Amino acid sequence: MSTTALPTQSSDFPAWYGEVVRRAGLAENSAVRGAMVIKPYGYAIWEAIQRELDDRIKATGHENFYFPLFVPGSVLAREGELVEGFAPEVAVVTQAGGKKLEEPLAVRPTSEALIWSTYARWVESYRDLPLLYNQWANVVRWELRPRLFLRTSEFLWQEGHTAHETEAEAVAETLTILHDVYADTIENVLAIPVLRGRKSESERFPGAVDTYTLEALMRDGKALQAATSHYLGQGFARTFDVRYTGRDGSERYPYATSWGASTRLVGGVVMAHGDDRGLRLPPRVAPQQVVIVPIFRDDDRADVLQTAAGVAAELRAARVRVRVDDRGDYRPGFKFNEWELKGAPVRIEIGSRDLAAGAVTVARRDSGEKRQIALPRVSAAVEELLDDIQRSLYREALHEQKRRTLHAPRGYEEMVEYLRDAAGFVEAPWCGRRECEIRVKEDSSGTIRCLPLDEEPTRRGTCVCCGRAAVAFPVWAQAY
RNA sequence: CGGGACGUAGCUCAGCCUGGUAGAGCGCUGCCUUUGGGAGGCAGAAGCCGUCGGUUCGAAUCCGACCGUCCCGACCA
């Protein structure tokens, strides 16, 4: 644990991010370039995210299964767009068991190929549909410019793979996942507001008909793709020869979806809520929601510790995740700083002054506000406080997102400048042509993050880039 | 893969120019003292100076090759 101050977000955001991740004990680089070690505190946050996602995945009717890490090269190669899209990032095992393999094995960058080659045997009749499955897995996409949690060569995620009788049903599935699983978790648990939208063709998942995305704004003005849900049409079914007999007796191809959310979300929590003192964790994902720091001298030690234990027990009974930091070797000031760095939402200080008042001192991490609360009221007050912090973090992030969204830039120059400075989101009309997308990217490093789903279909305008009639009003930003 | 920088203690780095006993801060261990916003004292452990080769009586230091890492560009959940 370092004792010096963090770099500030405004002076050097990437340095701030790296230091927070390291010092808070979330993760560190490993012996393998680009692959990280997720440390217990970081993994606990991931476990909370996992639990919330998994509950919602199951609540929407899905079951978990598990497919192997290795994909025969020939299977991966069958889906042309998929191979093409992932080719540079795929790691391949060519040797095992002490000799060269007859057929190289790809380490999965995603599992559509292996799963759909298997679905070919699982789907014979319309009675076998839909298949509503998900897996929790690690995947490997070799990264040239890795960053902890945001871009690592190996990461953890869940990938859902479903098969449906009709297009309408598959599209509905894609949107259910986007809204009821991903947006619900990210907004209500991670307290990060998201834009819900569709990807432009250039940003679409290889092999997808449509990619839906959730885009979140980080505190440095860049966008983070927080989760994606793909409508895959019948392409994978045709490629892997998945056919079934329909209700009318004719042979049909099912419609596919796939969807994923990864450990990148941990980085999103850091970058969406963190401040110059460190992490600010939403209570619903905080490994420790309340940390009690006892402050004592030799003569009142027993009293203070006993009161701390009593408060902790009461909070635990109310299902609050609480820890008494009774480490004797560190002074209170050190612990305050450390738990602020680690983002614990609530800190309770108990010392002689509090004992005399029959109270404890409660500090909230999000605002820094500190006040005394009488002992009998502690449990109720803390529960209320945790709810309030959860809501406040979301409100603050939403306010920030709105404040940093530029609607209808006056012209191309204003848009490009805004994007180049990574000032936030820009909503601007677009003609739908790839070349305008490319030009904006070359001029500003900004890209189309999504075409928002709630866009009014009747809106008119002219492309911010070329002046042709606009077909959409995408949101643009620099992206992670 | 192009351009740039750097490899010395767990971490951050000094020493190299001008060759001659391996250094600092933080961290770590022990003891003492402290505890309401990052305490202090004393003692201690810790190094293949990235690797290989060359020059030299002698190389962390000079030369060469290799390996690795980081930063900037093209790709990306």
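Numbers restart at 1 for each chain; the letters A, B, ... are given by sequence-line order, proteins then strands. In this text, all values refer to a predicted model and were calculated from it rather than measured experimentally. These numbers come from the heavy atoms of this one structure, side chains and all, not from hydrogens, waters or symmetry mates.
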Other residues, nucleotides, ligands: >12 heavy atoms within 6.0 Å of Q372(A) CD: yes
Please confirm whether the backbone N or O of A363(A) pairs with a side-chain atom of R347(A), one donor and one acceptor, at under 3.5 Å? no
Could you tell me how far A43(B) sits from C26(B) if I compare only their P atoms? Round to whole Å. 15 Å
Applying the Watson-Crick and G-U wobble criteria at under 3.5 Å, what pairs with U21(B)? Answer none if nothing qualifies. none
In the structure shown, which nucleotide is the Watson-Crick or G-U wobble counterpart of U55(B), with both distances under 3.5 Å? none
Atom CZ of R347(A) and atom P of G36(B) are separated, to the nearest Å, by 12 Å
At under 4.0 Å between heavy atoms, how does the protein contact nucleotides 67-77 of chain B? Give one character per nucleotide, 5' to 3', with B, S or -. --SS-B-BSBB
Does G36(B) pair with anything, Watson-Crick or G-U wobble, both distances under 3.5 Å, and if so, with which nucleotide? none
Can a salt bridge be assigned to the pair R439(A) and E442(A) using a cut-off of 4.0 Å between side-chain N and carboxylate O? no
Would you call D443(A) and R420(A) a salt bridge, using N to O less than 4.0 angstrom? no
Which whole-number value in Å describes the distance from E340(A) CD to G36(B) C1'? 13 Å
Between C16(B) and G50(B), how far apart are the P atoms? Round to whole Å, please. 15 Å
Ignoring hydrogens and angles, tell me if any N or O in the side chain of R365(A) forms a donor-acceptor pair with the backbone of G343(A) under 3.5 Å. no
Closer than 3.5 angstrom, by distance alone: can the side chain of R108(A) be matched with the main-chain N or O of P68(A) as a donor-acceptor pair? yes
Restricting both atoms to N or O, compile the protein contacts to nucleotides 2-5 of chain B shorter than 3.5 Å, with distance only.
none

Is it true that a side-chain atom of D300(A) and a backbone atom of D303(A) form a donor plus acceptor pair closer than 3.5 Å? no
Which part of the nucleic acid does T110(A) contact within heavy-atom distance under 4.0 Å: base, sugar-phosphate only, or nothing? nothing
Under 4.0 Å protein heavy-atom contact, by nucleotide of nucleotides 6-13 of chain B - B base, S sugar-phosphate only: --------
Both conditions, 6.0 Å and 45 degrees, for the charged tip of R51(A) above the ring of W136(A): are they met here? no
Under 6.0 Å between ring centres, would you say that holds for F65(A) and F67(A)? yes
How many whole angstroms separate atom CG of D326(A) from atom P of U35(B)? 18 Å
Taking N and O atoms by type only, does the side chain of K370(A) place a donor or acceptor under 3.5 Å from a partner on the base of G36(B)? no
Residue-level proximity of residues 272-302 of chain A to RNA chain B when a heavy atom falls under 4.0 Å: R277(A), I295(A), F296(A)
With both distances under 3.5 Å as the test, what is the Watson-Crick or G-U wobble partner of G73(B)? C1(B)
Atom-pair distance (CZ on R327(A); P on C28(B)), nearest Å: 11 Å
Taking the C1' atom of each, how far is G19(B) from U55(B), in whole Å? 11 Å
Using a 4.0 Å heavy-atom cut-off, write out nucleotides 39-44 of chain B from 5' to 3' as B (base contacted by protein), S (sugar-phosphate only) or - (no contact). B-----
With a 4.0 Å cut-off, would you call R280(A) and E340(A) a salt bridge? no
d(CG, N337(A); P, U35(B)) in whole Å: 18 Å
Establish, for the pair R327(A) and Y330(A), whether the NZ or CZ atom is under 6.0 angstrom from the six-membered ring centre and no further than 45 degrees off its axis. yes
Going by the angle between their ring planes, with limits at 30° and 60°, are W430(A) and W476(A) parallel, tilted or perpendicular? perpendicular
Any pair counted as ring-ring contact (aromatic ring centres under 6.0 Å, His included), so long as it reaches residues 11-31 of chain A, sequence neighbours left out: F13(A)-W16(A)
What integer number of Å spans the C1' atoms of A46(B) and G25(B)? 15 Å
Which residue, H62(A), H179(A), H161(A), H230(A), forms the ring-ring contact (aromatic ring centres under 6.0 Å, His included) with W259(A)? H62(A)
Could you tell me whether the side chains of R449(A) and T447(A) share a donor-acceptor contact shorter than 3.5 Å? yes
Using Watson-Crick or G-U wobble geometry with both distances under 3.5 Å, which nucleotide pairs with C6(B)? G68(B)
Considering Watson-Crick and G-U wobble pairs with both distances under 3.5 Å, what does G30(B) pair with? C42(B)
Could you give the distance separating A5(B) and C63(B) at their P atoms, to the nearest angstrom? 15 Å
Complementary nucleotide for G47(B) - Watson-Crick or wobble, under 3.5 Å: none
Have Q135(A) and S111(A) got a donor and an acceptor in their side chains that come within less than 3.5 Å? yes
Carboxylate-amine/guanidinium proximity below 4.0 Å for D184(A) and R56(A): yes
Rounded P spacing from U29(B) to A45(B) in Å: 15 Å
What's the gap between U8(B) and A22(B) when it is taken at their C1' atoms, as a whole Å value? 9 Å
Cation-aromatic face contact K199(A)/Y212(A), 6.0 Å, 45 degrees: no
Using atom P of each nucleotide, how far apart are G15(B) and C62(B) to the nearest Å? 12 Å
